[in-house]
Amino acid sequence: MALYSEKVMDHFRNPRNVGVIEDANGIGEVGNAKCGDIMKMYLKIEDGIVQDVKFETFGCGSAIASSSMATELIKGKPVEEARKLTNEAVAEALDGLPDYKMHCSVLAQEAIESALKDYESRQEQK
Amino acid sequence: MIYVDNAATTKMSEAAIRTFTDLIRDTYGNPSSLYEFGQQAKDVLEQARRDVAEAIGAQPNEIIFTSGGSEADNQAIMSAAKIGEIRGKKHIVSTAFEHHAVLHTLNKLKKQGFEITLLDVHENGIVNAAEVEAAIREDTCLVTIMYANNEIGTIQPIKEIGEVCRKHNVTFHTDAVQAVGHIKVNVIEDNIDMLSASGHKFHGPKGVGFLYVKKGVGIFSLIEGGAQEKGKRAGTENVPGIASMAAALKESVANLDAYKAKLTPVRDRIIKGLSEIPHSALNGDANNRVPSNVNYCFEGIEGESLLLLLDDKGIAASSGSACTSGSLDPSHVLLAIGRVHDVAHGSLRISLGEDITDEDVEYIIKSVKEVVEYLRGFSPVWRDLVAGKRDFIL
């Protein structure tokens with residue numbers, strides 16, 4: 001049996017929404033290079049909807065796949081819904097992750113939370 | 001598939017396969033049985049012992065067959081410690097980049113009150129014999145230092161270390177799992193008291209290895225039971241595995257010069273090719289390493305992703321990244337030579353086999369370049385490095 005599910009490998013090989021949003025209004029970065037995982041999420045939110053989302057990830061196969069899947073799960077969704085994204089939902093959508101890789105899905109959830117928090121603080125400053 | 005993970009395991013040689021299959025079919029007797037059919041197996045076993053001994057310059061009665069390198073390491077170290085304890089000597093000298101079969105055994109002894117000195121292996125991944133000598137104390141019962149490192153391939157000054165140990169009357173063990181069958185090893189010339197080796201690293205089968213114990217050096221059994229291996233290793237001997245390993249070793253040792261002549265330029269070509277990747281570095285000394293080993297760090301990327309994408313391109317290699325080990329820390333070997341976590345995660349080990357072609361070599365270089373560039377393309381670490389928000393380490 002392969003290390004990862006077909007879904008994980010698909011998102012790893014062909015990551016969705018990879019890159020940068022130049023005029024993002026919410027940016028979050030979590031993890032650190034020392035541990036071998038960094039995820040950066042860029043959000044473009046308009047009228048309470050996540051109009052666009054992109055990511056950059058330094059990390060293993062499941063970290064890249066988790067980032068990719070997380071962006072798919074929130075793209076086009078209301079902010080309220082994006083806020084409710086859980087790591088379990090990311091892992092489930094990938095048809096599961098090995099136990100010792102579950103932290104990658106946690107990181108994806110945290111990256112989105114962090115980007116949403118950045119968005120909110122920018123709104124408050126307005 | 002281009003298989004360049006020969007430090008993990010090797011393909012069995014045709015001679016090894018033939019020996020193995022012939023024996024499991026035709027010579028299944030128990031070497032401890034007195035009838036002729038059992039004694040035939042015993043003859044095979046003793047011929048294998050002579051062949052293995054000859055390959056490393058030992059005497060047949062100095063060879064104990066084991067289940068592999070890890071068992072041999074455990075047995076050598078635990079035996080030396082037991083003897084040390086009886087003599088009131090509870091200090092062991094080793095290095096920070098040993099295989100876990102050695103390091104974890106030393107950790108166990110530490111909990112039992114032993115003091116362990118782990119020597120620095122320097123940036124080039126080579127221990128200094130003078131530093132070994134300086135670390136030896138009145139109560140040192142063992143020096144255990146690997147012959148060639150399993151990750152970065154660096155070759156240690158075993159002969160000089162052995163000399164120092166002889167001078168101070170300290171038992172010297174070497175984990176030679178990556179050396180035997182790959183470079184010339186002679187236990188007499190190299191002043192070795194105990195040596196561990198593993199069959200599947202030199203085209204023999206898995207699950208079989210051996211421990212050389214110089215005559216006069218004390219050794220205890222780890223496994224209680226029958227009187228096999230002169231009471232030093234109980235359990236019915238793995239006759240097909242042992243004879244198959246001996247066949248592979250005989251072949252590898254006879255072929256050492258050709259092996260070195262073929263792989264050294266290949267290794268150096270790959271090192272040169274990968275050196276063209278910016279912000280990358282070779283791990284371990286460029287010349288004093290086994291002919292088969294290339295180990296590189298690439299800044300801004302993570303090793304597991306690199307391996308998976310190389311696998312997609314039909315290349316099977318290995319990495320010292322944490323994600324490939326299931327732990328949070330990257331390779332202890334890379335940390336021991338001073339690589340910081342950030343770059344140690346982005347390592348690649350290519351360990352060559354003799355069947356590699358020039359075409360393969362160019363394809364590997366091209367593929368690694370492509371994959372590193374691709375992964376850097378969406379790495380936030382690389383973005384920060386390029387933007388000057390983070391300092392390059394390599």
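Lettering of chains follows the sequences in order, A, B, ..., and the numbering in each one begins at 1.
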task: Search all heavy atoms of B:E302 against all heavy atoms of A:C60 and return the closest pair with its distance.
output: OE1-CA, 3.0 Å
message: Checking B:D360 now: which residues fulfil salt bridge (Lys or Arg N to Asp or Glu O under 4.0 Å) with it, not counting sequence neighbours?
response: none
Pairs meeting criterion side-chain hydrogen bond (donor to acceptor under 3.5 Å, both in side chains) with involvement of residues 375-394 of chain B, two or more places apart: A:E56-B:R383
message: Just checking B:E123: does its CD atom have more than 12 heavy atoms from other residues, nucleotides or ligands closer to it than 6.0 angstrom?
response: no
field: A:I38 versus chain B, the contacting section by heavy-atom distance below 4.5 Å
entry: both
Side-chain heavy-atom pair B:F378, A:V20 within 4.5 angstrom cut-off: no
message: Atom CD of residue position A:E120 - does it have more than 12 heavy atoms of other residues, nucleotides or ligands inside 6.0 Å?
response: yes
query: Measuring from B:L309:CG to A:I64:CD1, what's the distance to the nearest 0.5 Å?
result: 7.0 Å
Contacting moiety of B:L306, where chain A heavy atoms sit under 4.5 Å: neither
More than 12 heavy atoms from other groups under 6.0 Å of CD on B:E276: yes
- prompt: Does a salt bridge link A:K34 with B:D342, judged by any charged N lying under 4.0 Å from a carboxylate O?
  reply: no
message: With a 4.5 Å cut-off on side-chain heavy atoms, are B:L375 and A:F58 touching?
response: no
query: Looking only at heavy atoms, what is the nearest atom pair of B:L308 and A:G61, with distance?
result: CD1-CA, 3.8 Å
field: Sorted by number, residues from residues 70-99 of chain A in contact with chain B (heavy atoms, under 4.5 Å)
entry: none
task: Answer whether the closest heavy-atom distance between the side chains of A:R13 and B:D312 falls below 4.5 Å.
output: yes
task: Scan residues 109-118 of chain A for pairs that pass salt bridge (Lys or Arg N to Asp or Glu O under 4.0 Å), counting only residues two or more places apart or in two chains.
output: A:D118-A:R122
